[in-house]
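Letters go in sequence order (proteins before strands), and every chain restarts at 1.
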There are 6 protein chains.
Amino acid sequence: MKNGVFPGSFDPITSGHMEIIKRGSRLFETLTVAVCNNPEKKSLFSLNDRLEMIKNACRDMKNVRVASFEGLLIDFAEENGIDTVLRGLRNARDFDYEKELADIYYDTGRLESVFLPSRGEYSHISSGMVRELIRGNKDISKYIPK
Amino acid sequence: MKNGVFPGSFDPITSGHMEIIKRGSRLFETLTVAVCNNPEKKSLFSLNDRLEMIKNACRDMKNVRVASFEGLLIDFAEENGIDTVLRGLRNARDFDYEKELADIYYDTGRLESVFLPSRGEYSHISSGMVRELIRGNKDISKYIPK
Amino acid sequence: MKNGVFPGSFDPITSGHMEIIKRGSRLFETLTVAVCNNPEKKSLFSLNDRLEMIKNACRDMKNVRVASFEGLLIDFAEENGIDTVLRGLRNARDFDYEKELADIYYDTGRLESVFLPSRGEYSHISSGMVRELIRGNKDISKYIPK
Amino acid sequence: MKNGVFPGSFDPITSGHMEIIKRGSRLFETLTVAVCNNPEKKSLFSLNDRLEMIKNACRDMKNVRVASFEGLLIDFAEENGIDTVLRGLRNARDFDYEKELADIYYDTGRLESVFLPSRGEYSHISSGMVRELIRGNKDISKYIPK
Amino acid sequence: MKNGVFPGSFDPITSGHMEIIKRGSRLFETLTVAVCNNPEKKSLFSLNDRLEMIKNACRDMKNVRVASFEGLLIDFAEENGIDTVLRGLRNARDFDYEKELADIYYDTGRLESVFLPSRGEYSHISSGMVRELIRGNKDISKYIPK
Amino acid sequence: MKNGVFPGSFDPITSGHMEIIKRGSRLFETLTVAVCNNPEKKSLFSLNDRLEMIKNACRDMKNVRVASFEGLLIDFAEENGIDTVLRGLRNARDFDYEKELADIYYDTGRLESVFLPSRGEYSHISSGMVRELIRGNKDISKYIPK
C-alpha cells in the first residue's frame, strides 16, 4: 500500500494533470496533489487560486488531498508519510529529465517514483501553453478541468 | 487496489528484472510475472527453465505469482483479473516503444500501464547481453538473481 | 508545385497511414502511395490485397495514385516524376531514423523529404500492432480504413 | 495549394533558416517569414534590423513575404489566410518540442504543420550560437545569409 | 597526443565531474579543467571558491590543471594550446545539445570533441541538483569530492 | 596513453567509419580496427574482403592496425592489450544503445569507452544503406574510402 504525491506548479492545472490524478488515485491509497510554492518564480495564478482550482476539480475523488509546499519535495514527503512520487510522461524528452529527478528523490530520501504515460486528446497541453492561450484571449475550456 | 502483470521473455531473468519486480510487488496487491512463450522465437532457456528460475528468485515475495502465456497480453490479463501492466524504463529509447505498447493495451483492453525508472548498479544489463556473456563463458552471477 | 510519394509496406494500411495520406494530398499536386514489394520479407497480406485495400480507401481523393515498386525508392521516384517523399513522424525515435533516410534520398537522388507529425486518436497504431491483433482475433476495425 | 508561415525570432537569421525558407518556398504557394516580436524578451538585433536582413536575403524568392507579429501565431495565420506552419527539425530533441506546438496549433486554430529535416553544412548553427560568436568577435559570415 | 579541456560552471564541482576528470586525465597528455566565468549569471559559489574546490579535488592528478575563462571556449583553447574538448554524457537529451556545441567548436576553431559516457552511482547528480540540496540543508557529501 | 579499438562489421567500411578512424588515430597511441566475424550473420562482403578494404584505406595511418575477432570484444581487447573502445555517435538514438554497451564493457572487462560525434558530409551513410545502394546499382564512390 502506497501513499503517493503528484507535485507541480499547476499554474494552472490542466486536463492532462487531471487525467494523471484520476489514474493515480486508483493506484495509491492516498494521493496528495502538492502545489510547489516558489516565491522567486512569478506565477500567473496566486497560490490560493491554484489550490482552490485543484480542490474543486478533485472534490469527487475521496482519497485525493491537496496541499502546498516550499523547499524540497523529499522533506514534504517525509513529513506527510508519503513514499512515492507520481509523474506523467508525455514524451522521451520528459523521460530523461524525470529519470534524473527520480534518481535523486530515491538517493536522498528513499522516495520511490512511478511514471504514467500520458493519454487522451488534450494530454499534450502544458500549463505554459494554457497561459499563452489565456494571454491571447483564447477559449481554454477544453484544456482545463471544469 | 490493483493487480499488476510484469510481462517479458526473461531469457534469462536478470538483476534488473528482479529490481522492478521487488518495487512492483510493493505497488500492487498482486503482481504476476508473465513469461511470454513465443514458439516462433528461439530462446536460450526452455520455458520450463525460465519459469523455475523466476519462481526461485521470487519465492520470498508473497504477492508475486509466476505464469506463462501465449498470444496477446490483453487476453491473459482479462482471464486473470489483471488491470495494470508494469514495465521498467532504462532510457529514452525504451520510452517511445513502451508508450506505443501502453497506448494499444489501453485502447484494446482497458489495460493501464505503469512505468518504473530502472535503478541500481546492474539494472542496465539486458537478457540479450547476459546471453552474449554466457556464450562467451563469462561469469554472469552478478547480473542474475541468485 | 510538388509531386509527392508516400512509401511503405502497408501490411496492412492503417488509420494512421490514412491520416497522413489525407493531409499529404492537400500539400502536393499529386501524391503516390507506393507499396514496397520486398520478395525476401514475408507479408501477412499479398501485394495485390494491399494494393486493393489502399485503392479502396483512397478512391475519394482525386490526386492520390496507388502503385507498387521493387528496389530503390529513388529509382521509382525518378521514373515517375516524383520530387518529394512524405513521411509521418510519431515520436523522436522515428525522427532519427527518418532523418537518416531523408539525407540519403537527397544525397543520391535529389529527392526532398517532408515530415508530418502524426495526429489523432489511432495514429499510434502501427501495421505490426494490427497484425498482432489480427493473429489474436481482435476487432481491428477502428485501426484500419473502412 | 497551401500558404505557409515560417515563424521565429530570427535574431539574427541564419544559413540554416535560409535553407528551410528556400526549400519551403518550393512547397507552398506563398511562404510568409514571420518575425515574432516579443517585447518582454531582449533581442540583439532590433525588430526593424531583423526584418531588413530577412527581406534582403529573400528578395529573389518571388513567393516569399516577410512580416512581423505579436501575440499568438494562430491569430496571425488566421488574419493572413495562412493554413500551414513550416518548421525545420535538426534533431530528435527538436522533434518532441515541435510536436507539442504542432498539436496545439491544430487543436486551437486548425493550423497544419509541416517539418523539413535540416540539411547542409551550416544548418546546425542556431541564432543563439551566432549571437555568442558575435559577442566573441568571430567571423560569422558563413553562418548567415550574405 | 592531445591536450584536453573540460569546461563548465562547476557551481559546485560534483562527483560526476570528478569521475569524468579522472578518466579524461588518462586519455590526454594534459587536461585543463576550465571554469567558465559568466558575470551575467549569478552563481552560488564565487569563482575563487570554485577554483579552490577543484584544485583541491584534483591535486593528486599530475597532468590536470585548473583555470578560469571568460568569453568563448575556442579562444581559451587556442591561447592555451588545447586541441580537444572533453564532455561527459549522461543521457540522450545531453547528446543532441553537446553535438551542436561540438559541431560549432570544430567549425569555428578546429577544436575536436570527445565524449565519455557517465558512469557510477552518483554520476547523475548535476550541480543544479546539489545547489537545491544545499538550499534545503541536506547532506551533500557523497555528491561532491571530499 | 591508451590503446584503442574500433569494432564493427564494416560490411563495407564507409566514409563515416574512416572519419572516426582518422580522428581516433590521433587520440590513441595505437588504434585497432577490429572486424567482427559473426558466422551466424550473412555479410555482403567476405571477412577477407572486408579486411583488405580496411587495410588499404588505413595504410597511411602508422598507428592503425586491422584485425578480426570472434566472440566477445572484451576478450579480444584483453588478449591485445587494448584498454579503450572507440565509437562514433551520429544521433541520440545511437547514444542510448552505445551507453548500454559501454556500461557492460566496463563492468565485465574494465574496458573504457570513448565516443566521437560524427562529422562531415557523408558521415550519416551507414553500411546498411551502402549495401542497399550496391544492390540497386548506384554509384557509391563518395560513401566509401577510395
What parts of [range] touch chain E if we use heavy atoms and a cut-off under 4.5 Å?
range                      : result
residues 9-22 of chain A   : none
residues 96-106 of chain A : A/Asp96, A/Tyr97, A/Glu100, A/Leu101, A/Asp103, A/Ile104
residues 67-80 of chain A  : A/Leu72, A/Ile74, A/Asp75

Could you pull out all residues at least two apart from E/Phe115 that satisfy ring pair (Phe, Tyr, Trp, His ring centres under 6.0 Å)? none
Any side-chain heavy-atom pair of A/Phe95 and E/Asn91 under 4.5 Å: no
Heavy-atom cut-off 4.5 Å, strictly under: side chain, backbone, both or neither for E/Arg93 against chain A? both
In this structure, CD1 of E/Ile125 is separated from OG1 of A/Thr108 (nearest 0.5 Å) by 7.5 Å
Determine whether more than 12 heavy atoms belonging to other residues, nucleotides or ligands lie under 6.0 Å from atom CZ of A/Arg65. no
